[in-house]
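Okay, structure first, notes after.
In what follows, chains carry the letters A, B, and so on, assigned in the order in which the sequence lines appear, proteins first and then strands, with residues in each chain numbered from 1.
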Amino acid sequence: MSDLLANLNPEQLQAVTLPPQHSLILAGAGSGKTRVLTTRIAWLVQTGQVDPQGVLAVTFTNKAAKELLARLSAMLPLSFGHSARGMWIGTFHGLCNRLLRAHHRDAGLPQLFQILDSGDQLAAIKRLLKALNVDDEKFPPRELQHFINAQKEAGLRPHAVEAWDDYTRRRVELFAEYEAQCQRESVVDFAELLLRTYELLERNEPIRRHYQRRFRHILVDEFQDTNRLQYRWLKLLADDGREGGACLFCVGDDDQSIYRFRGAEVGNMRDFEREFRVANVIRLEQNYRSHGNILDAANAIIRHNTARLGKNLWTERGAGEPIRVFEAYADMDEARWIVEEIQSLVRDGMSRSDIALLYRSNAQSRVLEHQLFSAGIAYRVYGGLRFFERQEIKHALAYLRLIANPDDDTAFSRVVNFPTRGIGARSLEALQDAARTWNASLYSTVPHLSGKPGTVLAQFVRLVEDLRRDTARLPLPELVDHVLDASGLRDFYRSEKEGQERLENLDELINAAANFLGESGADAEALAQPHALLADFLAHASLEAGDHQADAGSDAVQLMTVHSSKGLEFDVVFLSGLEEGLFPHENSAVENEGLEEERRLMYVAVTRARERLYLSFAQSRMLHGQTRYNLRSRFLEEIPEGLVKWLSPPSPRGMGARSGAGMRVEPARGGLAPRVAQAPARSQDLGGLRVGQLVTHAKFGQGVIVAAEGSGADARVQINFGSAGVKWLMLAVAKLSPA
DNA sequence: ATTCTTTAGTTTTTT
DNA sequence: ACTAAAGAAT
């Protein structure tokens with residue numbers, strides 16, 4: 001046990017050994033958050049304060065859950081008499097799935113209910129709109145999806161939604177129709193998993209009491225990312241914080257809350273503190289990751305935010321290197337410079353996988369990839385399609401879903417004519433109409449159909465019936481294998497010219513099934529029911545879409561958005577595109593507190609770096625097919641000058657005023673040919689001004705000329721004033737002077 | 001049923 | 001500029 005607590009700093013030790021009371025741990029970036037969480041659990045168990053089955057640990061991602069479990073298993077070896085077995089460790093959605101399977105009857109669901117991922121949900125909504133003859137221009141499916149999820153996350157069923165206008169009233173009706181459709185098809189979307197579980201616990205006292213008594217300690221990771229419903233869910237399980245309820249131990253960092261746009265509610269941290277009368281708030285401020293200069297920069301940036309719980313990171317490591325800042329003429333030059341810098345780092349012995357290239361939006365990866373590719377540097381982009389989201393995998397899963405649950409109309413529609421078997425839109429429309437009148441699923445309506453469409457469809461139904469019969473006694477991997485062949489999917493992709501990779505992925509699906517079987521620890525009884533096991537596998541596929549296509553093993557430079565870099569760390573970090581409009585993103589200006597979220601994002605980006613941090617921006621950048629001229633990001637201004645080393649001489653504020661001369665750090669070769677943007681011919685008469693130039697306006701301050709039109713007395717210029725916005729000004733009226 | 005054409009959208013993403 | 005998805009034509 002002394003082992004367990006050794007090497008913790010005083011704050012970490014305090015957090016780990018807190019008495020059984022509600023606690024909030026404000027864990028700064030790199031402060032050993034996961035360590036505190038795992039050690040706390042291990043300590044509680046080893047000191048006999050709680051049985052493993054009294055522990056519930058909730059995370060947001062499967063990755064985090066796995067890491068928690070792995071580290072706990074290492075800390076609590078079986079020989080000690082305790083182990084991680086019996087604990088409930090998982091994501092909110094994973095745990096809800098588990099609860100709903102266990103109590104499906106009380107939750108009003110069939111045992112083999114299926115889970116819709118976002119794509120499935122969207123398809124289901126589109127199908128619904130079509131069936132109800134709703135104009136999808138007036139009610140865009142995506143918007144409706146967002147609306148429905150927002151209601152569910154607010155804990156509202158259709159009857160409880162307040163609608164003041166006709167439009168919302170109609171959306172609420174559609175919400176109700178959507179719910180009816182899901183119930184009919186025995187499917188559950190992500191938000192429904194949470195809401196259903198919440199309602200189950202709220203309405204069913206015996207079940208609620210059972211879990212309230214069982215879980216003595218509830219630990220929550222990344223608490224700043226919880227949404228309203230998740231917070232209420234926790235409150236319910238912890239019996240509202242009452243005497244005798246579970247202890248809540250929430251770990252989070254309000255400064256790293258970057259998912260407001262998808263419903264995360266930082267306010268939950270304050271609410272938790274108040275509603276649970278949290279006496280123990282512990283700040284973990286010692287950072288074990290980054291050098292001093294990097295931390296100082298991060299602290300300086302985040303200090304500009306007002307709504308904070310307050311925290312200041314410090315380190316015992318030295319100041320380290322200054323932060324390197326580079327200004328490029330164009331996005332291409334920026335990328336080229338980054339690549340040259342990487343080449344020199346690699347020459348000095350740095351491994352590529354210790355280098356990360358971060359950017360605000362995915363579109364920015366293109367230029368970087370292009371330059372890396374030409375230079376022959378191995379790189380890996382995070383954030384593409386994930387395994388279970390691939391087309392061929394989704395098709396295979398749809399067949400499997402039909403075996404487990406023939407009423408799943410989403411799965412039915414997906415593969416009824418894939419591979420094509422002559423079932424066109426007309427036949428399907430007839431089937432949909434019939435299904436509506438019979439109030440039954442598409443699958444079960446087929447026998448009621450007559451005529452030619454009836455016979456082709458009946459063949460499809462027979463195919464699925466055969467699949468179900470022939471796989472009833474097969475082990476899961478063989479079951480999948482059989483379905484791939486009998487469905488014709490394999491044949492289809494074999495005949496496709498580009499089908500090779502898809503075939504490999506299909507084989508990989510068999511491996512995934514085998515792995516799942518191995519990890520599930522299914523006993524003989526479970527093995528005897530392959531179709532129940534199949535339902536579990538399908539839930540797994542929906543809940544865990546698989547890794548992004550990144551081979552962790554290979555030595556490649558890592559490219560990703562700032563969002564997906566959260567939780568990771570690298571020796572060297574390049575943060576590119578630090579320009580107004582890009583980072584902070586222009587859309588954030590109109591959002592409530594949007595700028596503060598952007599700043600938190602910047603804070604996350606900066607704190608990813610261990611040793612060295614590069615910040616760069618470009619005067620001009622191609623975006624949506626147009627060259628844009630941006631000012632440099634205000635976040636750069638927020639870093640104290642003393643921490644920074646300019647690799648190019650700093651221009652007044654932003655850019656444009658400088659010509660190509662005087663670049664202090666010359667790139668090895670290729671050069672950064674001064675690439676002053678060519679103004680369009682029609683805008684030459686601008687009295688000495690040109691597109692891309694930096695100017696000063698009495699009221700709006702400094703800005704950069706983005707475009708121009710007209711001439712003489714009519715000449716107008718469009719100027720990007722950064723925080724003051726983008727404006728069209730008459731040259732004759734506005735007093736502009738070159739900055 | 002396949003192939004060509006048009007159109008809209010293009011911040012961030014997990015479950 | 002580029003893509004994905006819907007629509008129209010063959």
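The phosphate of dT15(B) (OP1 or OP2) has a side-chain N or O of Asn62(A) nearer than 4.0 angstrom. Under 4.0 angstrom from either OP1 or OP2 of dA5(C) there lies no side-chain N or O belonging to Lys126(A). The phosphate of dA1(B) has OP1 or OP2 within less than 4.0 Å of a side-chain N or O from Asn417(A). When the side-chain nitrogen and oxygen atoms of Arg386(A) are compared with OP1 and OP2 of dT15(B), one or more of them lie within a distance under 4.0 Å. Considering only side-chain N and O atoms, Asn362(A) lies under 4.0 angstrom from the phosphate OP1 or OP2 of dT13(B).
For Thr61(A), the side-chain atoms get nearest to dT15(B) when compared with the rest of dT15(B), dT11(B), dT13(B). Of all nucleotides listed (dT11(B), dT13(B), dC2(C)), dT13(B) comes nearest to the side chain of Thr561(A). Picking from dT13(B), dA1(B), dT10(B) the nucleotide with the shortest atom distance to the side chain of Arg262(A) gives dT13(B).
No donor-acceptor contact under 3.5 angstrom links the side chains of Ser588(A) and Glu591(A), judged on distance only. Side-chain contact annotation: Asp189(A) with Gln121(A), donor-acceptor N/O pair under 3.5 Å present. Inspection of the Gln256(A) and Gln224(A) side chains reveals no N or O donor paired with an N or O acceptor under 3.5 Å.
The CG atom of Asp221(A) sits 13 Å away from the P atom of dT15(B) (whole-angstrom rounding). We find that CZ of Arg142(A) is positioned 13 Å from C1' of dT13(B), with the value rounded to whole Å. Regarding Phe387(A), its CZ atom lies at a distance of 19 Å from the C1' atom of dT14(B), rounded to whole Å. Atom CG in Asp189(A) sits roughly 14 Å away from atom C1' in dT14(B) (whole-Å rounding). One interatomic measurement links the two molecules: CZ of Arg260(A) to P of dT11(B), which rounds to 17 Å at whole-angstrom precision. Rounded to whole Å, atom C1' of dT13(B) lies 12 Å from atom CD of Glu597(A). In this structure, Met560(A) places its CE atom 21 Å from P of dT11(B), rounding to the nearest Å. When rounded to the nearest whole Å, the span between CE of Met622(A) and P of dT10(B) equals 19 Å.
For Ser118(A) against dT15(B), a side-chain-to-base donor-acceptor contact under 3.5 Å is present.
Taking the side chain to side chain contact (heavy atoms under 4.5 Å, CB included) definition, one finds that Leu99(A) meets it with Trp88(A), His103(A), Thr197(A), Tyr211(A), Trp233(A), sequence neighbours left out.
Heavy-atom distances to DNA chain B give each of Thr91(A) and Ser361(A) a nearest nucleotide, and the one nearer the 5′ end belongs to Ser361(A). DNA chain B is contacted by both Ile258(A) and Ser542(A); Ile258(A) maps to the nucleotide lying nearer its 5′ end (nearest heavy atom per residue).
Residue ring and nucleobase are not stacked for His93(A) and dT15(B) under a centre distance beneath 5.5 angstrom and an angle between planes beneath 30°. Here Phe261(A) packs flat against the base of dT12(B); its ring centre is closer than 5.5 angstrom to the base's six-membered ring, tilted by less than 30 degrees.
Taking both residues in full, the closest heavy atoms of Val562(A) and Leu358(A) are given as CG2-CB, 4.3 Å, listed atom of the first, atom of the second, then distance.
Here Glu153(A) lies out of heavy-atom contact (under 4.0 Å) with every strand. Among the protein residues, Phe583(A) comes within range of no part of the nucleic acid, since none of its heavy atoms lies under 4.0 Å from any strand.
Under 4.0 Å is where a charged nitrogen must lie from a carboxylate oxygen, and between Arg502(A) and Glu496(A) no such pair does.
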